[in-house]
Amino acid sequence: MKRILLAYDGGEPARRALDTTVELATKFGAEVGVISVVPVHAGVMGVAPWDDREVHEQALREAQTRLREHGIEAELIEPFGDPAWTIERIAAERSYDTVILGSRGQGALGRFFAGSVSEHVATHSQATVIVTH
């Protein structure tokens, strides 16, 4: 475990993933990157008004502050795109060997309509994936 990519959106599941990242990065001396993907949905709306760049910038700053409290300097990554595919792509392109993200605990109906980012990343990424609950 040399390079950890933390997927972070500021929600409670992401905060648990952040805690796990701090623990593992400290234990293994791993480099850390934090990604917060501004979702772009196919169709009429584009970026949802409640999920814009400012929301993601704030989440990244929050994660950065928490990591710095533990002596960890992180690369901050804020791309646009489909969250699941983008996390998977960035992990591969930047050679992250571990991805840590939180599960929102959606039921079967929510996963059917919206998909599960954690499920997609866990089943498609070449990196080791840790999903916190």
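Every residue two or more places apart in sequence or in another chain that forms a side-chain contact (heavy atoms from CB on, under 4.5 Å) with Gln58 is listed here: Arg61. For Arg15, the salt bridge (Lys or Arg N to Asp or Glu O under 4.0 Å) partners two or more places apart in sequence, or in a different chain, are Glu12, Glu62. Gln64 is linked by a side-chain hydrogen bond (donor to acceptor under 3.5 Å, both in side chains) to nothing, counting only residues two or more places apart in sequence or in another chain. For the side-chain hydrogen bond (donor to acceptor under 3.5 Å, both in side chains) test, residues two or more places apart in sequence or in another chain that qualify with Glu73 are Arg68. Considering only residues two or more places apart in sequence or on other chains, Glu93 meets the side-chain hydrogen bond (donor to acceptor under 3.5 Å, both in side chains) condition with Arg89.
Glu69 CD: more than 12 foreign heavy atoms inside a 6.0 Å radius.
Shown here for Pro83 and Val117, the closest heavy-atom pair between the two residues is CB-CG2, 3.9 Å. Contact detail for Ile77 and Arg94: the closest heavy-atom pair is CG1-NH1, 3.4 Å. Among all heavy-atom pairs drawn from Val37 and His56, the shortest one is O-CE1, 3.0 Å. For Lys2 against Asp97, the heavy-atom pair with the smallest separation is N-OD2, 2.8 Å. Smallest separation of non-hydrogen atoms from Leu67 and Ala74: CD1-CB, 3.7 Å. Nearest heavy-atom pair across Ala7 and Ala14 is O-CB, 4.4 Å.
Both Phe28 and Ile4 sit in one connected hydrophobic cluster of ILVMFWY residues. Membership requires side-chain heavy atoms under 4.5 Å apart, directly or through other members. Cluster annotation: Ile72 and Val34 are assigned to the same hydrophobic cluster (Ile/Leu/Val/Met/Phe/Trp/Tyr, side-chain heavy-atom contacts under 4.5 Å, transitive). With hydrophobic clusters built from ILVMFWY side chains whose heavy atoms lie under 4.5 angstrom apart, Leu5 shares a cluster with Leu101. With hydrophobic clusters built from ILVMFWY side chains whose heavy atoms lie under 4.5 angstrom apart, Leu76 shares a cluster with Tyr8.
Annotation: side chain of Arg16 is not in contact with side chain of Ser103 (no heavy-atom distance under 4.5 Å). You'll find the side chain of Glu31 stays beyond 4.5 Å of the side chain of Tyr96, heavy atoms only.
In this structure, Thr98 OG1 and Met1 CE are separated by 4.0 Å, a value rounded to the nearest 0.5 Å. Taken to the nearest 0.5 Å, the CG atom of Leu60 stands 10.5 Å off from the OG1 atom of Thr65. In this structure, Ile35 CD1 and Leu6 CG are separated by 10.0 Å, a value rounded to the nearest 0.5 Å.
Pairs engaging residues 18-27 under the salt bridge (charged side-chain N to carboxylate O under 4.0 Å, His left out) rule: Asp19-Arg66 [sequence neighbours left out]. For residues 121-133, no residue pair satisfies the salt bridge (charged side-chain N to carboxylate O under 4.0 Å, His left out) rule, not counting sequence neighbours.
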Do any side-chain atoms of residues 123-131 form donor-acceptor pairs under 3.5 angstrom with protein atoms, and if so which ones, sequence neighbours left out?
| from | atom 1 | to | atom 2 | distance (Å) |
| --- | --- | --- | --- | --- |
| Thr123 | OG1 | Glu119 | O | 2.9 |
| Thr123 | OG1 | His120 | O | 3.2 |
| His124 | ND1 | His120 | O | 2.9 |
| His124 | ND1 | His120 | ND1 | 3.3 |
| Ser125 | OG | Ala127 | N | 3.1 |

